[in-house]
Amino acid sequence: DGGITQSPKYLFRKEGQNVTLSCEQNLNHDAMYWYRQDPGQGLRLIYYSQIVNDFQKGDIAEGYSVSREKKESFPLTVTSAQKNPTAFYLCASSERQGNTGELFFGEGSRLTVL
Amino acid sequence: DQQVKQNSPSLSVQEGRISILNCDYTNSMFDYFLWYKKYPAEGPTFLISISSIKDKNEDGRFTVFLNKSAKHLSLHIVPSQPGDSAVYFCAATTQTGANNLFFGTGTRLTVIP
């Protein structure tokens with residue numbers, strides 16, 4: 001089945017540790033995105049990538065880093081510089097740049113900082 | 001600053017009746033609007049969209065209405081079914097596409113059997 005796979009689903013981290021969230025898609029989509037969801041807030045864009053080896057900051061990129069070495073993969077690293085990392089993280093993809101917002105989402109990863 | 005707002009965090013409707021979910025936006029440059037549906041422990045899924053050149057788009061039981069002068073859109077579900085119980089997100093973008101998609105905070109719809 002085609003889709004987006006995020007792992008792990010749940011992750012606990014101690015303060016000061018970096019953690020990497022995995023996102024893999026087999027939809028052959030060019031563009032991939034990372035969003036963050038907090039209680040009572042809409043989804044906010046962290047980073048996006050429209051093509052391999054290229055990515056752009058979204059609205060809340062501080063404290064995060066990404067890579068896009070393969071079309072299928074767009075991992076997100078939450079660094080110790082992220083002041084409030086506890087959140088629900090969603091990865092998404094779309095067919096091409098300029099796509100009018102129809103995204104395919106993974107099931108999400110919930111990160112809790114202890 | 002929240003450019004897309006869903007002021008009702010929750011809505012309960014009897015099965016078979018109409019569900020109306022509302023969304024307001026502030027940016028007049030938005031020209032494409034979408035609704036996403038999210039079940040617990042799953043990612044959002046695309047439901048329906050509308051371009052600013054239209055004022056209505058219909059897909060089965062789901063209809064989205066756009067009032068550009070009021071900067072308001074609504075999603076109507078008729079008839080509502082228990083399986084429609086989910087969180088619904090409104091989103092808006094400009095022609096530059098999904099990398100500047102702005103989401104509302106979501107409305108949790110509960111359809112009571």
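Chain letters run A, B, ... following the sequence lines, proteins first, then strands; residues in each count from 1.
Both the backbone and the side chain of Leu43(A) come within contact range of chain B, each with at least one heavy atom under 4.5 Å from a heavy atom of that chain. Only the side chain of Phe88(A) comes within less than 4.5 Å of a heavy atom in chain B; its backbone stays farther off. With a threshold of 4.5 angstrom between heavy atoms, Gln37(A) approaches chain B through side-chain atoms but not through N, CA, C or O. Within the 4.5 angstrom heavy-atom criterion, atoms from both the backbone and the side chain of Pro44(B) approach chain A.
Looking at Trp35(B), its side chain never comes within 3.5 Å of a backbone N or O of Leu21(B) through a donor-acceptor pair. The closest donor-acceptor contact from the side chain of Ser109(A) to the backbone of Pro8(A) lies under 3.5 Å.
Aromatic rings of Phe46(B) and Phe104(A) (six-membered ring for Trp) have centroids beyond the 6.0 Å cut-off, not under it.
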Apply side chain to side chain contact (heavy atoms under 4.5 Å, CB included) to residues Arg68(A) and Met32(A) and explain how you reach the verdict. CA-CA 9 Å; Arg68(A) 187 84 188 277; Met32(A) 296 187 74; 3.6 Å; yes

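The only option from His29(A), Glu72(A), Gln25(A) that meets the side chain to side chain donor-acceptor pair (under 3.5 Å) definition with Ser93(A) turns out to be His29(A).
Comparing Tyr36(B), Phe102(B), Phe89(B) by heavy-atom pairs within less than 4.5 Å of chain A, the highest count is held by Tyr36(B).
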